[in-house]
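In each ligand, atom 1 is the first atom listed, and ligand 1 is the first ligand listed. Bear in mind that the values here come from a model prediction, so they are computed numbers and not experimental data.
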Amino acid sequence: MRRSLALVVVAALVCSTQGVPVKPPARAANRFPDGFHLGAATAAFQIEGAWNEDGKGESIWDHMLHAQPNLTKDSGNGDVAADSYHKYKEDVQLLVGLNANCYRFSLSWPRILPTGDTNVINQAGIDYYNNVINELLANGIEPMVTLYHWDLPQELQKLGGWPNIELADYFLEYARIAFENFGDRVQLWLTFNEPNMFCNGYSSATDFAPGANASGIADYMMAKTILLAHARVYRLYDQHFRFKQRGKVGITLDGAWYEPLTNSKEDADASERQLQFEVGLWANPIFSSQGNFPKVVRQRVAANSKKEGRARSRLPTLSPSEIHLIKGTADFFGLNHYFSSFITSGSSGQEPSKLHDAGVVTSTIPGYPTAYWITDVPWGLRKLLNWVHDTYPGYPIFVTENGWADPPGVLNDTGRIHYLRGYVSAILRAINEDGVPMIGYTSWSLIDNLEWMDGYTMKFGLYSVDYDDPERPRTPKASVAVLADIYKNKAVPWKDFENANTTPPS
Ligand code: BGC
């Protein structure tokens, strides 16, 4: 980690009234740079509801949770969710109450294209997102739009879903419609949210839609489709939209931090290997100078495939022209981060699976606050930001998700307050002390929502939503005032900043 960098100084030299150049004061370590995006994030399926209203088509999540309601912990589904489809104006006011200058949300592909294809364009869906975007802008909040946050049109699942390479074409046409309709006002685009997570839908029958169980095979096949789809959308934007819309296009990848269990080289290698399987599988083709899937991933999947008696690797090949097409297709690096764990070399995960191919064993880092699968280790994010910057230099990083979960009913959310103070401070240290280039932070999540397989039992919202009330009233949790203060002052209060756990114990 580069700790030696002096505090970053504000922009360029300015002139005094006498015309003598004077240096502006150095920015304090607890302050964000000018123009930094600060806000909150959500996703269409998790908040909108109105699952079949105004011409919306069925998504793979609608389909799976209707067919097998018991898959979620509380049999919850997305039919009504937080009803943001009808309550978006109220939700924009929640962002105002948070002093947010940015809101990350996703478009529901089947709300815009009910069949997934351009044969039916649902104007009501386009109107809805226009309303959301206009309401945000009228309140001084910049929209950041994710094109795909996991709700594939069910009609495209009938074609096999993401492992079918043809889906890249469908995604391209959907993105074109989004750029055409919203790109005059949207400057921040993300193609995909966390492919490494939604590929679970192709490696397990019960964990994520569509529940297609082909572990270690389909989840690698879809990587090729996703990377080509992402790259083609980026190139489409470059060729047809960038000159007039002047926005930025990125992708959001999820990464935990894997702290080597011991000082051994073996454990350091295990950490790097896991990061390459989790982040590098998607990032290396886009953000590295050589492109392609990471070497360690190619070698290990090929070796295991051979051992299993297969004729070829379970990991698809990218041709030289595909490598070239994908390389460099991002204006920034979107990163979602929630937790850290210890890691050591070993064997875990079913055979075949990505985890088994990685050859690692993880364990909880003791001594830190935990909730569900989250461990509150702020220095882990600082290390991960440094790793991303060192591994893929030249790309500004936007932390597009980061947050804490409570069980239902917690309004005095002291766990979330501790977590947010720590993680926002870790970001500030990465920027101001380590020299990591960063452009934004959107906390997960604006409101309590459908937490995928956990249904409504796990609450990530800054604002609580009462799911027993058909009106779905929103109430600020205690963390809203804390984050609103940070967002207003563009700084973490000095005492909280100093107390945050941003440096690993030696
Ligand atoms: C996803 C969100 C999810 C959050 C908490 C991320 O993996 O993008 O949709 O709710 O983490 O699990």
Side-chain angles (χ1 to χ4, degrees), residues 39-49 59-62 64-65 71-74 76-78 81-82 84 103-109 144-152 190-204 207-209 219 226 250-257 278-279 281-282 333-341 354 370-376 380-381 384 398-408 413 415-416 419-420 423 440-465 467 479:
T42 60
F45 183 72
Q46 294 178 274
I47 64 161
E48 282 180 7
S59 76
I60 52 174
W61 279 90
D62 295 320
M64 185 178 85
L65 298 187
L71 284 184
T72 51
K73 271 204 182 125
D74 54 356
N77 61 32
S84 202
Y103 178 45
R104 174 181 176 235
F105 64 100
S106 78
L107 308 180
S108 159
W109 183 349
M144 177 183 224
V145 171
T146 314
L147 288 170
Y148 187 79
H149 201 126
W150 308 357
D151 45 354
L152 186 73
L190 292 159
T191 51
F192 290 98
N193 177 71
E194 300 191 356
N196 201 59
M197 282 300 289
F198 74 80
C199 72
N200 282 345
Y202 296 88
S203 61
S204 158
D207 194 13
F208 287 20
D219 40 2
I226 297 292
I251 183 169
T252 276
L253 306 178
D254 55 302
W257 175 251
E278 186 168 305
V279 183
L281 179 69
W282 318 92
F333 193 117
L335 181 70
N336 290 354
H337 173 84
Y338 287 87
F339 71 101
S340 293
S341 68
K354 279 206 266 123
T370 57
Y372 304 89
W373 42 265
I374 305 168
T375 311
D376 177 355
L381 173 55
L384 181 66
F398 195 127
V399 171
T400 42
E401 277 183 39
N402 166 249
W404 177 262
D406 280 316
D413 52 343
R416 179 170 294 103
Y419 181 97
L420 292 175
Y423 278 81
Y441 173 79
T442 46
S443 193
W444 186 268
S445 177
L446 180 64
I447 50 179
D448 287 341
N449 54 50
L450 178 88
E451 180 47 30
W452 308 111
M453 309 325 294
D454 288 295
Y456 297 98
T457 65
M458 198 177 168
K459 306 292 194 184
F460 274 95
L462 294 158
Y463 289 87
S464 143
V465 175
Y467 281 90
S479 55

**Prompt:** Does one side chain, of Thr400 or Asn336, offer a donor that lies under 3.5 Å from an acceptor on the other?
**Reply:** yes
**Message:** Any nitrogen or oxygen of Trp150 lying under 3.5 Å from a nitrogen or oxygen in ligand 1? Just yes or no.
**Reply:** no
**Asked** Under 3.5 Å, is there a donor-acceptor pair linking the side chains of Asp448 and Tyr456?
**Response** no
**Asked** Does His149 have a heavy atom less than 4.0 Å from any atom of ligand 1?
**Response** yes
**Item:** Nearest non-hydrogen protein atom, atom 4 (C) of ligand 1
**Value:** Tyr338 OH, 3.3 Å
**Prompt:** Is the distance between the ring centroids of Phe198 and Tyr148 less than 6.0 Å?
**Reply:** yes
**Message:** Within the 3.5 Å criterion, strictly below it, is a donor on Trp282 or Asn196 matched to an acceptor on the partner's side chain?
**Reply:** yes
**Request:** Could you find the nearest protein heavy atom to atom 10 (O) of ligand 1 and give me its residue, atom name and distance?
**Result:** Glu451 OE1, 2.6 Å
**Asked** For atom 6 (C) of ligand 1, which protein heavy atom lies nearest, and how many Å away is it?
**Response** Glu401 OE1, 3.0 Å
**Request:** With sequence neighbours left out, write down each residue that passes side chain to side chain contact (heavy atoms under 4.5 Å, CB included) with Ser445, or none if nothing qualifies.
**Result:** Thr42, Asn449, Phe460
**Prompt:** Can you find an N or O of Asn449 that's nearer than 3.5 Å to an N or O of ligand 1?
**Reply:** no
**Message:** Any nitrogen or oxygen of Trp373 lying under 3.5 Å from a nitrogen or oxygen in ligand 1? Just yes or no.
**Reply:** no
**Asp254 to ligand 1, any heavy atom closer than 4.0 Å** = no
**Prompt:** Can we call the ring centroids of Phe208 and Trp150 under 6.0 Å apart?
**Reply:** yes
**Request:** Around atom 7 (O) of ligand 1, find the nearest protein heavy atom and jot down its residue, atom name and distance.
**Result:** Glu194 OE1, 2.5 Å
**Item:** Residue pair Asp413 / Ser479, side-chain donor-acceptor N/O under 3.5 Å
**Value:** yes
